[in-house]
There are 2 protein chains.
Amino acid sequence: MITMKDIAMELGINESTVSRALNNHPHVHPSTRERVAEAARRLNYRPNTLARSLATNRSYVVGLVISNIANLFFAEVTQGIEQVADANGYSVILCDTARDAAKERRYLDLLASRQVDGIIFMSGRLPADTVAAIRSVKCPVVMISRDGARYGIPTVRINNRVEAARAVNYLINLGHARIGFISGQLDDAESGLPRLAGYKAALSDAGIPFDPCIVQEGDFTMESGVRACTRLLDAVPRPTAVFAANDEMAIGAMKALAQHGISVPKDMAVVGFDNTALARVVTPALTTVAQPLRSLGSTATEMLIRMMTGQGLKDIEVVLDCQLVVRSSCGGTGI
Amino acid sequence: MITMKDIAMELGINESTVSRALNNHPHVHPSTRERVAEAARRLNYRPNTLARSLATNRSYVVGLVISNIANLFFAEVTQGIEQVADANGYSVILCDTARDAAKERRYLDLLASRQVDGIIFMSGRLPADTVAAIRSVKCPVVMISRDGARYGIPTVRINNRVEAARAVNYLINLGHARIGFISGQLDDAESGLPRLAGYKAALSDAGIPFDPCIVQEGDFTMESGVRACTRLLDAVPRPTAVFAANDEMAIGAMKALAQHGISVPKDMAVVGFDNTALARVVTPALTTVAQPLRSLGSTATEMLIRMMTGQGLKDIEVVLDCQLVVRSSCGGTGI
DNA sequence: ACGGTCTATGCAAGGGCTTGCAGATTCACC
DNA sequence: GGTGAATCTGCAAGCCCTTGCATAGACCGT
């Protein structure tokens with residue numbers, strides 16, 4: 001491997017001059033700068049980022065701690081992150097935790113060892129020791145879709161309560177008064193619970209009484225959506241619409257409905273949540289609350305960069321808006 | 001930040017002894033080793049990987065160059081990669097090229113600068129200058145689903161020709177004799193062309209004449225599948241089955257069929273290729289050729305590790321088998 | 001011609017860790 | 001008790017780059 005020393009010897013000048021020339025420092029003679037650039041090109045010189053990082057104490061690397069990269073949700077957020085990181089000269093180290101809290105902590109340690117300049121954390125719950133582990137890493141951390149703000153950790157998220165209500169309101173405006181709900185796990189304080197709260201709030205705002213019989217708990221998988229929807233069909237009177245707390249479950253619901261010969265949207269409207277790639281692929285295409293996945297990633301990264309470069313943060317928590325994507329699963333317009 | 005020097009001073013011993021103790025070198029007194037370990041724990045010491053890498057000339061980082069992480073196909077391969085990399089002490093830097101050849105080359109340079117120990121490349125075509133860029137990076141490279149072997153670059157892939165034939169054979173065995181094909185781009189030598197070749201080969205083996213009228217070119221998107229299938233329906237006699245070169249297009253085909261009131265699988269069988277998450281989600285669930293996505297990733301990483309650690313490679317190219325996942329889109333058994 | 005201000009370069013220390021070499025200590029064994 | 005081998009530790013150089021300080025030369029105004 002060819003180093004600055006090689007360039008310096010080649011040109012009979014000092015290594016430090018080479019460094020300054022390559023880094024566009026002032027006080028370098030234009031001709032010197034040019035000779036250095038030429039030699040670097042000719043010798044196919046590649047700076048050793050490791051050495052530079054060691055000397056400057058900045059690695060230009062950020063760590064991304066994520067539950068499951070094979071999940072469309074995370075994958076798309078990741079793309080948002082990688083994009084703005086790269087645009088700002090940062091590389092990203094990918095850490096897939098598979099929701100294992102021990103692995104999370106190990107990864108945090110690893111990233112600290114690797115001297116990352118910052119970390120984006122989007123994985124698992126936040127028990128005390130995970131929070132402690134995050135704190136013990138001395139670099140900036142920002143969280144996505146987690147209740148980090150409570151611990152003083154900058155966070156970007158959506159308002160699950162409001163967004164769930166948005167979906168339910170849409171159904172209400174379509175004339176539905178009996179709306180079933182397939183919830184996520186109700187011990188999930190981040191998205192399971194607030195989406196239920198939003199559902200209730202929207203009903204209550206519309207003066208529709210809440211009926212626990214048409215709320216069924218799922219676990220965010222398609223299969224659980226099938227089961228939950230099947231139970232929903234036994235309720236009397238039967239709902240005319242169903243809102244599922246994510247797309248997978250909504251699609252599961254559609255499968256259950258198909259099995260029972262119930263036509264969507266004619267006999268039953270369905271709306272989902274997330275707007276992953278699955279939503280546009282099913283027939284009828286799913287009307288759903290679109291999370292701004294890319295923006296969650298890019299915004300978080302922008303926040304992180306501000307922190308890493310010592311600029312302040314306006315707010316410790318930024319809440320992004322979702323958008324209802326109307327397709328065909330509720331009738332009305334759309335593809 | 002606390003360093004080995006701190007531990008050394010704390011214990012009144014030399015830095016090098018600390019290093020040896022921490023790295024489990026022989027010839028370190030057990031008691032010393034214990035004292036060092038204790039001090040490290042107490043002071044919350046974290047090794048500086050950068051410095052270590054600089055000294056040892058091994059970074060334990062691999063670069064992953066990929067077209068589009070938000071695509072399920074790549075995301076799942078990535079998971080396979082990250083998993084075995086992590087299990088072997090390697091971190092992975094994610095580089096999403098968005099299929100931009102210039103970006104690819106920039107990323108390769110970047111990774112070289114970052115002193116990665118190896119690179120997994122799964123992005124774009126292989127024009128001469130990309131190959132040159134790959135060669136100029138002095139570390140081991142392995143490719144996934146590309147024709148790297150031709151350039152002497154270790155590769156793991158599937159046999160698209162054989163696997164496409166597998167799908168067509170399945171349809172033939174089901175009794176179909178008029179099978180439409182929705183191809184990918186025919187200028188794509190990696191998967192577009194060979195899948196068409198496999199389609200032809202299977203027909204020919206079964207003594208079914210090839211009819212270009214029932215081959216329609218798409219571009220691997222769902223929309224192109226809709227269009228291609230629509231064209232297919234005009235053919236006389238109309239096909240009784242359609243094989244699409246990937247799941248997205250197969251799903252597009254199903255949409256087109258639904259629009260025309262043609263029932264799947266009763267009036268038309270459909271089979272796809274890839275087995276991404278989309279396949280199990282549509283109704284009826286899609287029968288498709290399952291690429292061993294995780295294995296593509298893990299196998300490639302294992303090969304890379306062998307190369308990075310100076311162990312030889314048995315073969316420069318390893319070809320993984322796919323599996324036909326039978327669901328409901330062709331009738332028969334399945335979910 | 002001379003002090004003063006810039007500009008351009010060199011020198012050397014430093015970032016945290018590893019490792020070959022050498023010296024010191026221990027141990028076993030005769 | 002002396003010898004050789006084995007074990008343990010220290011010294012210092014080295015990995016490649018950055019940067020504060022110092023110096024030398026250029027340039028300017030008076």
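The structure displayed is predicted, hence computed values, not measured ones. Chain A is the first sequence line, chain B the second, and so forth, proteins listed ahead of strands; every chain is numbered from 1. The figures that follow rest on heavy atoms only: side chains count, while hydrogens, waters and symmetry mates do not.
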Open item on the list: Measuring to OP1 and OP2 of C/dT9, would you say a side-chain N or O of A/Thr32 lies under 4.0 angstrom away?
Closed with: yes
Open item on the list: With a 4.5 Å cut-off on side-chain heavy atoms, are B/Thr130 and B/Tyr151 touching?
Closed with: no
TODO: Calculate the interatomic distance between B/Asn24 atom CG and C/dT18 atom P; express it in whole Å.
DONE: 12 Å
TODO: Classify the nucleic acid contact of A/His27 as base, sugar-phosphate or nothing, counting any heavy atom under 4.0 Å across all strands shown.
DONE: base
Open item on the list: Assess, by modelled atom type and distance only, whether the side chains of A/Thr276 and A/Asp274 contain a donor and an acceptor separated by less than 3.5 Å.
Closed with: no
Listing time: all N or O pairs from protein to nucleotides 13-19 of chain D that are below 3.5 Å?
from	atom 1	to	atom 2	distance (Å)
D/dC15	O2	B/Ala55	N	3.4
D/dC17	OP1	A/Tyr45	OH	2.5
D/dC17	OP1	A/Asn48	N	3.2
D/dC17	OP2	A/Met4	N	2.7
D/dT18	OP1	A/Asn23	ND2	3.3
D/dT18	OP1	A/Arg52	NE	3.3
D/dT18	OP1	A/Arg52	NH2	3.3
D/dT18	OP2	A/Ser19	OG	2.7
D/dT18	OP2	A/Asn23	ND2	3.2

- [ ] Provide, to the nearest angstrom, the distance between the CZ atom belonging to B/Arg35 and the C1' atom belonging to D/dT9.
- [x] 12 Å
- [ ] Tell me what B/Leu50 touches on the nucleic acid: a base, only sugar-phosphate, or nothing, going by heavy atoms under 4.0 Å.
- [x] nothing
- [ ] Would you mind reading off the distance between B/Glu34 atom CD and D/dT9 atom P, rounded to a whole angstrom?
- [x] 13 Å
- [ ] Write down the distance between CD1 (B/Ile13) and P (C/dC17), rounded to a whole number of angstrom.
- [x] 14 Å
Task: Donor-acceptor under 3.5 Å (A/Thr155 side chain, A/Ile144 main chain) - done: no
TODO: In whole angstrom, give the distance that lies between atom CG of A/Leu11 and atom P of C/dT9.
DONE: 11 Å
- [ ] Start with the C-alpha distance between B/Asp96 and A/Gln83, add both sets of side-chain angles, then the distance that settles side chain to side chain donor-acceptor pair (under 3.5 Å), and finish with yes or no.
- [x] CA-CA 8 Å; B/Asp96 188 326; A/Gln83 224 153 67; 5.8 Å; no
TODO: Please examine the side chains of A/Val62 and A/Val116, heavy atoms only from C-beta on, and report whether any two atoms are closer than 4.5 Å.
DONE: no
Open item on the list: Can a side-chain donor-acceptor contact be found between A/Asp188 and A/Ser191 if the only test is distance below 3.5 angstrom?
Closed with: yes
